[in-house]
Enquirer: 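Below you will find the structure I want to go over with you.
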Amino acid sequence: MAMIREVEIRGFKSIYSANIQLGRINCFIGANGVGKSNLLEALGVLGAAANGTVDDESLLRRGVRAGLPRLYKSSFTSDRTPAHIAVGVTTETKAEYRVSLLNPLDSPEPAWSYKTEVLGDGKVQIVSDGVRNRKNLNPKAGLAALQIVDLEPTNPAAQLMQRLQEFAIYCPNTPTLRGIVPDQQSRIPIGLSGGQLAEGFAALRQHLEGGKEEGEEILEQVLELIDWVADIETTSHRTDLLSPKVPSTKLLLKFSDRFMLKSRNELTAYDASEGALYILFTALLCLLSKAPRMFAIDNLDQALNPRLLKVLISRLADWLYYNAPDRQLLFTVHNPAALDGLNLSDPEICLFAVERNSNGQTVMRRLTLTHELMELNEQYPLSRLWLMGHLGAVPNV
């Protein structure tokens, strides 16, 4: 299954027109409100289209904020409002999927309509623009989702559609990670807000300890990031670990604090530091084979100490590669320390500066280590260069 290499977006929210090239790791930085999350949501809309229906339910299931159609479509005083929203992707094997979608602004319908739809495997066009002109077709149902049933699983177009259908935007929050509130969007191996963290960790431990030779070493890497932990286990016995007044899931995480007396050193996710929970959350998505082949984490840096964040991000590429060489991650951050964990000499690690141009439209450009930047980087880390304004993507305050 080949990675998605090119993304094209037209007329979606603040993104009037954009083309970007993706790698394995894709980090998006920029001021608040410049449109970083809009890129992720455009892919979520495409994932819903690939599954056959674009409506509020299918969007929420992928982590896209549900809203009125007028909030999805670009609207700028400087340019004509586009008639439709268009999103498309191409893989490294030239398989492609692209759609243009419509929904009336004044009297929106539950499901968006497909205006055009294209699916190709790099050699044969399986669904073409003109198919939509045929009569007796439901304009709110995707044709490509039906066509892939007849394709071999190894067909590049079928693999691309599977990747898009699985895509989701994860945005964990502390109460859900602690297990005291339910996850509104439950998924396997972990919910979009962090639900099923204990179940996910149990699966991860089993997977790493019983899998490849380097699995135990990677598990050790995960645990090392939580420096106060001697071990992490899961248990269904809550009596001695948690107050009966605290709501919880059936399976609990049990952390052993290496600094505390052994008779009183066990903590659940309810009492443990939230940073530990966010570390486990990211590790599960990167390392478990049941996680999506391509996924996004919005605000990956939340609740993490800058130095810890730097080390975590430096691990991501190897963790993603552990199960399959075509796993992809897109994430947004605001903490400058995140940049110091990126090895930009690796072509598969991409850093994008996201800004608004003079017309208010979102512009994304990949930051590469030019000769000038490399000279500056010898004196200052990337985090400092970002704060100093050498990378752009900073607020005008």
Side-chain angles (χ1 to χ4, degrees), residues 24-27 170-174 176-179 189-190 193-194 196-209 211-234 252-260 265-289 291 295-323 327 329-343 346 349 381-383:
R24 180 188 312 285
I25 300 284
N26 305 277
C27 174
Y170 293 82
C171 190
N173 64 67
T174 302
T176 308
L177 288 168
R178 292 199 189 284
I190 192 165
S193 297
Q196 305 127 249
L197 186 64
E199 290 83 353
F201 181 75
L204 177 64
R205 182 148 203 163
Q206 182 180 18
H207 175 60
L208 293 177
E209 291 181 337
K212 300 177 186 176
E213 189 174 318
E214 64 269 31
E216 292 195 20
E217 180 183 336
I218 289 181
L219 179 61
E220 203 55 44
Q221 287 179 6
V222 175
L223 298 182
E224 282 174 359
L225 292 177
I226 312 170
D227 61 354
W228 54 270
V229 159
D231 197 10
I232 305 174
E233 300 173 282
T234 53
L252 301 175
L253 283 170
K254 184 170 70 173
F255 297 86
S256 299
D257 190 316
R258 65 190 181 93
F259 298 106
M260 297 169 64
N265 73 335
E266 293 179 342
L267 310 168
T268 67
Y270 181 73
D271 297 298
S273 83
E274 61 181 347
L277 308 181
Y278 285 89
I279 290 287
L280 294 183
F281 176 88
T282 302
L284 296 185
L285 284 174
C286 290
L287 291 164
L288 281 176
S289 56
F295 62 95
I297 302 178
D298 210 4
N299 300 317
L300 183 144
D301 52 332
Q302 61 183 313
L304 297 178
N305 173 277
R307 189 168 183 176
L308 176 59
L309 175 65
K310 171 187 172 182
V311 178
L312 171 65
I313 287 180
S314 72
R315 301 269 193 238
L316 296 179
D318 288 342
W319 287 359
L320 284 172
Y321 198 87
Y322 175 75
N323 274 308
R327 300 286 293 279
L329 166 62
L330 296 81
F331 65 92
T332 67
V333 290
H334 292 98
N335 190 326
L339 275 60
D340 297 335
L342 297 172
N343 175 16
D346 183 343
I349 297 179
L382 283 176
S383 56

Enquirer: So among L304, L309, V311, which one has a side chain to side chain contact (heavy atoms under 4.5 Å, CB included) with I279?
Expert: L304
Enquirer: How many angstroms lie between atom CG of L329 and atom CD1 of I313, to the nearest 0.5 angstrom?
Expert: 9.0 Å
Enquirer: Looking only at non-hydrogen atoms, find the nearest pair between A337 and P306 and report the distance.
Expert: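 The answer is CB-O, 3.4 Å.
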Enquirer: Main chain of L382, side chain of D340: is a donor-acceptor contact present, judged purely on distance under 3.5 Å?
Expert: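 Side chain of D340 to backbone of L382: a pair is present.
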Enquirer: State whether the side chain of R327 and the backbone N or O of Y321 hold a donor-acceptor pair below 3.5 Å, judged by distance alone.
Expert: no
Enquirer: Rounded to the nearest 0.5 Å, what separates atom SG in C27 from atom CG in L339?
Expert: 5.5 Å
Enquirer: Side-chain contact test, heavy atoms from C-beta onward, threshold under 4.5 Å: evaluate it for T234 versus L253 and give yes or no.
Expert: yes
Enquirer: With sequence neighbours excluded, tell me which residues meet salt bridge (charged side-chain N to carboxylate O under 4.0 Å, His left out) with E213.
Expert: none
Enquirer: Keeping R315 on the side-chain end and A283 on the backbone end, is there a donor-acceptor pair under 3.5 Å?
Expert: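 Answer holds: no.
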Enquirer: Would you tabulate the side-chain donor-acceptor contacts of residues 217-230 under 3.5 Å, counting partners in other chains and residues two or more places apart, or write 'none'?
Expert:
from	atom 1	to	atom 2	distance (Å)
Q221	OE1	W319	NE1	3.0

Enquirer: Taking all atoms of both residues into account, what is the closest heavy-atom pair of P172 and L177, and its distance?
Expert: CB-CD1, 4.0 Å
Enquirer: Nearest 0.5 Å, please: how far is CG in L287 from CG in L284?
Expert: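 L284 CG to L287 CG: 8.0 Å, rounded to 0.5 Å.
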Enquirer: Given side chains that start at C-beta, do those of N299 and D301 come closer than 4.5 Å, heavy atoms only?
Expert: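 Yes, side chains in contact.
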Enquirer: What closest approach, in Å, do C171 and Q302 show between heavy atoms, and which atom pair accounts for it?
Expert: SG-NE2, 4.5 Å
Enquirer: Taking side-chain hydrogen bond (donor to acceptor under 3.5 Å, both in side chains) as the definition, give me every residue that meets it alongside N323, ordered by chain and number, with sequence neighbours left out.
Expert: H207
Enquirer: Regarding D298 and T332, do their side chains bring together a donor and an acceptor under 3.5 Å, going by distance alone?
Expert: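 Note: D298 and T332 side chains meet the donor-acceptor criterion.
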Enquirer: For T176, enumerate each residue passing the side chain to side chain contact (heavy atoms under 4.5 Å, CB included) test, keeping only those at least two apart in sequence or located in another chain.
Expert: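 Per chain and number, T176 pairs via side chain to side chain contact (heavy atoms under 4.5 Å, CB included) with N173, V181, D183, S193.
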Enquirer: To the nearest 0.5 Å, tell me how far L208 CG sits from F201 CZ.
Expert: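 Reported value, rounded in 0.5 Å steps: 8.5 Å.
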Enquirer: Rounded to the nearest 0.5 Å, what separates atom CG in L280 from atom CD1 in I232?
Expert: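 Interatomic distance, L280 CG to I232 CD1, rounded to 0.5 Å: 4.5 Å.
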Enquirer: Tell me, yes or no, whether the heavy-atom count around R258 atom CZ, taken from other residues, nucleotides or ligands under 6.0 Å, exceeds 12.
Expert: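 Atom CZ in R258 is crowded, with more than 12 foreign heavy atoms closer than 6.0 Å.
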Enquirer: Which residue pairs satisfy the side-chain hydrogen bond (donor to acceptor under 3.5 Å, both in side chains) criterion with at least one member in residues 266-280, sequence neighbours excluded?
Expert: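 Matches after skipping sequence neighbours: T174-E274, T174-Y278.
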Enquirer: For the CZ atom of F331 and the CG atom of L285, what is their distance to the nearest 0.5 Å?
Expert: 13.0 Å
Enquirer: Do you know which two heavy atoms are closest between G200 and L288, and how far apart they sit?
Expert: O-CD1, 3.7 Å
Enquirer: Near E233 CD, under 6.0 Å, is it more than 12 heavy atoms from other residues, nucleotides or ligands?
Expert: yes
Enquirer: Quiz question: by atom type and distance under 3.5 Å, do the side chains of D231 and S256 form a donor-acceptor pair?
Expert: no
Enquirer: Identify, with sequence neighbours excluded, every residue that meets salt bridge (charged side-chain N to carboxylate O under 4.0 Å, His left out) alongside D346.
Expert: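 Residues passing salt bridge (charged side-chain N to carboxylate O under 4.0 Å, His left out) with D346: none at all.
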Enquirer: Minimum heavy-atom separation for G194 to F281, with atom names?
Expert: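 Answer, listing the atom of G194 first, then F281: CA-CE1, 3.6 Å.
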Enquirer: Is the shortest side-chain heavy-atom distance between S289 and Y322 below 4.5 Å?
Expert: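 No, every pair of side-chain atoms sits at 4.5 Å or beyond.
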